[in-house]
Number of protein chains: 2
Amino acid sequence: MTKNHPYLDEKVMTIKIVTEMTGLSERQVRYYEERELIFPKRNSSGTRMYSFSDIERLMDIAEKIEDGVRTRELRKDLF
Amino acid sequence: MTKNHPYLDEKVMTIKIVTEMTGLSERQVRYYEERELIFPKRNSSGTRMYSFSDIERLMDIAEKIEDGVRTRELRKDLF
DNA sequence: CGTGTAAGGAATTCTGACACG
DNA sequence: CGTGTAAGGAATTCTGACACG
């Protein structure tokens, strides 16, 4: 799954475009970060910046959550 | 030069990240659009959204301008 | 636990214009 | 011609909190 993709990991999107692309709410996106499931960067002003990888990961997370999986469990799977 | 690249043409970045990635000023980026050299999309609020392709094109434009080429000439080369 | 919302402040973006040349 | 800037408004993002459960 590790594609050799130049722009995939560049953190260039603000949360708004992320919610539009994933269909999730800002609240959900920030919460998944709080649960350490995604790791956006912060620009000089503190605004969260996301990559296309983050978008993909968010959609994956959302699907799992819908299936009843808890964030704690998803966090574990990172290791 | 037409790479088969999934995220290359997605208009997902605001002008701020564009200026950071290209080193250009907002004024320059907007002016090149006025001269019809780049074509960002607008989100529902009117904010300009750019793609990685736009970033590459902007750097190319900037280089030409520095070399003394006029925007009028660059515009012509699009056809 | 996961998500919605109101609250207030800080940072972003936009347009049209004046400036220099 | 190409770019800087001040001006004012509109939209964005952030945090911490209360709510439900």
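Chain A is the first sequence line, chain B the second, and so forth, proteins listed ahead of strands; every chain is numbered from 1. Since the structure is predicted, the reported quantities are computational estimates derived from the model, not experimental observations. Values reported hereafter were calculated over all heavy atoms of this structure, with side chains retained and with hydrogens, waters and symmetry mates removed.
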Original post:
Dot-bracket for DNA chain D, 5' to 3', with Watson-Crick and G-U pairs under 3.5 Å, [ ] for crossing pairs and | for other-strand pairs: what is it?
Top reply: .||||.||.|.|.||.||||.
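- In terms of phosphate contacts, A:Tyr31 brings a side-chain nitrogen or oxygen within less than 4.0 Å of OP1 or OP2 of C:dG2.
- At whole-Å resolution of the value, CD in A:Glu20 and P in D:dT12 are 9 Å apart.
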Between the protein and nucleotides 4-6 of chain C, which nitrogen or oxygen pairs come in under 3.5 angstrom?
| residue | atom | partner | partner atom | Å |
| --- | --- | --- | --- | --- |
| C:dG4 | OP2 | A:Ser25 | OG | 2.5 |
| C:dG4 | N7 | A:Arg27 | NE | 3.0 |
| C:dG4 | O6 | A:Arg27 | NH2 | 2.9 |
| C:dT5 | O4 | A:Arg27 | NE | 3.3 |

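- Per the geometry, CZ belonging to A:Arg30 stands 12 Å off C1' belonging to C:dT3, to the nearest Å.
- Using a distance-only test at 3.5 Å, with no hydrogens or angles considered, no donor-acceptor pair links the side chain of B:Thr22 to the main chain of B:Ile55.
- Here the straight-line distance linking atom CD1 of A:Ile38 with atom CD of A:Glu56 works out to 13.5 Å at 0.5 Å rounding.
- Distances shorter than 4.0 Å separate none of the side-chain N or O atoms of B:Tyr32 from OP1 or OP2 on D:dG2.
- Contacts between residues 42-51 of chain B and DNA chain C, counted as heavy-atom distances below 4.0 Å, involve B:Arg42, B:Gly46, B:Thr47, B:Arg48.
- Between the CD1 atom of A:Ile15 and the P atom of D:dA11 there is a distance of 19 Å, given to the nearest Å.
- Between the CD atom of A:Glu33 and the C1' atom of C:dT3 there is a distance of 16 Å, given to the nearest Å.
- Closest heavy-atom contact between B:Asn43 and B:Ser45: OD1-N, 2.7 Å.
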Check residues 69-79 of chain A and write down every donor-acceptor pair under 3.5 Å in which the side-chain atom is one partner and the other belongs to a residue at least two apart or another chain.
| residue | atom | partner | partner atom | Å |
| --- | --- | --- | --- | --- |
| A:Thr71 | OG1 | A:Arg35 | NE | 2.8 |
| A:Thr71 | OG1 | A:Arg35 | NH2 | 3.4 |
| A:Arg75 | NH1 | A:Glu36 | O | 3.4 |

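- The CD1-C1' distance, from B:Ile17 to C:dT13, rounds to 15 Å in whole Å.
- Aromatic ring pairs are classed by plane angle as parallel below 30°, tilted from 30° to 60° and perpendicular above 60°; the pair B:Phe52 and A:Phe52 is tilted.
- Atom CZ of residue A:Phe39 and atom CZ of residue A:Arg57 lie 7.5 Å apart, to the nearest 0.5 angstrom.
- Residue B:Thr14 places at least one side-chain N or O under 4.0 Å from the OP1 or OP2 atom of C:dT13.
- Among residues two or more places apart in sequence or in another chain, the side chain to side chain donor-acceptor pair (under 3.5 Å) test is passed with B:Ser25 by B:Gln28.
- Rounding to the nearest 0.5 Å gives a distance of 15.5 Å between CZ of B:Arg48 and CE of B:Met13.
- The interatomic distance linking B:Glu34 (CD) with C:dT13 (C1') rounds to 17 Å, in whole Å.
- A sub-4.0 Å separation between OP1 or OP2 of C:dG2 and a side-chain N or O of A:Arg70 is absent.
- Put simply, the side chain of B:Lys11 never gets that close to the backbone of B:Arg42: no donor and acceptor are under 3.5 Å apart.
- Going from atom NZ of B:Lys41 over to atom P of C:dT13 covers 17 Å, rounded to whole Å.
- Expressed to the nearest 0.5 Å, how far CZ of B:Arg30 lies from CG of B:Leu24 amounts to 12.5 Å.
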**OP:** Check the pair B:Asp9 / B:Ser51 against side chain to side chain donor-acceptor pair (under 3.5 Å), numbers first and verdict last.
**Re:** CA-CA 5 Å; B:Asp9 295 315; B:Ser51 66; 4.7 Å; no
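- In terms of the ring-ring contact (aromatic ring centres under 6.0 Å, His included) criterion, A:Tyr32 has no residue partners (sequence neighbours excluded).
- A:Met13 has its CE atom 17 Å from the C1' atom of D:dT13, to the nearest Å.
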